[in-house]
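Reading through the structure tokens given below for one structure.
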Amino acid sequence: MSKTSQQNTTTDPNGVSVIHTQAHTSGLQQVPQLVPVSPGGGGKAVPPSKQGKKNSFVDRNSDEYRQRRQRNNMAVRKSRLKSKQKAQDTLQRVNQLKEENERLEAKIKLLTKELSVLKDLFLEHAHNLADNVQPVGTETTTTNPENNGQ
């Protein structure tokens, strides 16, 4: 078996080196390897949307540029309005909750006063009942004058 291989290196438009190898050992084909061209040899991969934007000149008078700026401006305006609306909604909800809290605190005060009055009434009534009830062994017996001597 002969182990001969051949390598070709090319660079694609995105700045990535592609190494093509052909091996003649067993008739199997190898998959091309992607190698970054950066001199530092590593780092983060650059997404395709960001590639080539550093060196490309943007014609600010082109229709495409104006359309992109217009879409971006509308998106920013929409985002700011949405943010402002959310802040207003939050503020309104905070005010509603404050008002509800004040109402509930007033109701607590009222119910606490009512409870105190009812407790006092109950204790007064219980005290009066206790004064009116005599102990079982201290009942007074009345004698009937008509029954004397019979």
Criterion salt bridge (charged side-chain N to carboxylate O under 4.0 Å, His left out) on E102 and K98, from CA distance to verdict: CA-CA 6 Å; E102 290 173 3; K98 281 182 181 178; over 6 Å; no
Residues R66, D63: salt bridge by 4.0 Å N-O rule: yes
R68 with E64: basic N within carboxylate O range, under 4.0 Å: yes
Other residues, nucleotides, ligands: >12 heavy atoms within 6.0 Å of Q88 CD: yes
CG on L129 to NE2 on H127, rounded to 0.5 Å: 10.5 Å
pair H125-L121: side-chain heavy atoms closer than 4.5 Å: no
From K113 atom NZ to L118 atom CG, the distance as rounded to the nearest 0.5 Å: 14.0 Å
Nearest-0.5 Å distance, CG of residue L81 to NZ of residue K84: 7.0 Å
Short side-chain donor-acceptor distance under 3.5 Å, N73 and R69: yes
Q92 side chain reached by Q96 side chain, heavy atoms, under 4.5 Å: yes
Short side-chain donor-acceptor distance under 3.5 Å, N95 and E99: no
Any donor-acceptor N/O pair, S116 side chain to T112 backbone, under 3.5 Å: no
Inter-residue atom distance D89.CG - Q85.CD, 0.5 Å rounding: 4.5 Å
Distance, nearest 0.5 Å, that separates CG of L115 from CG of D120: 9.5 Å
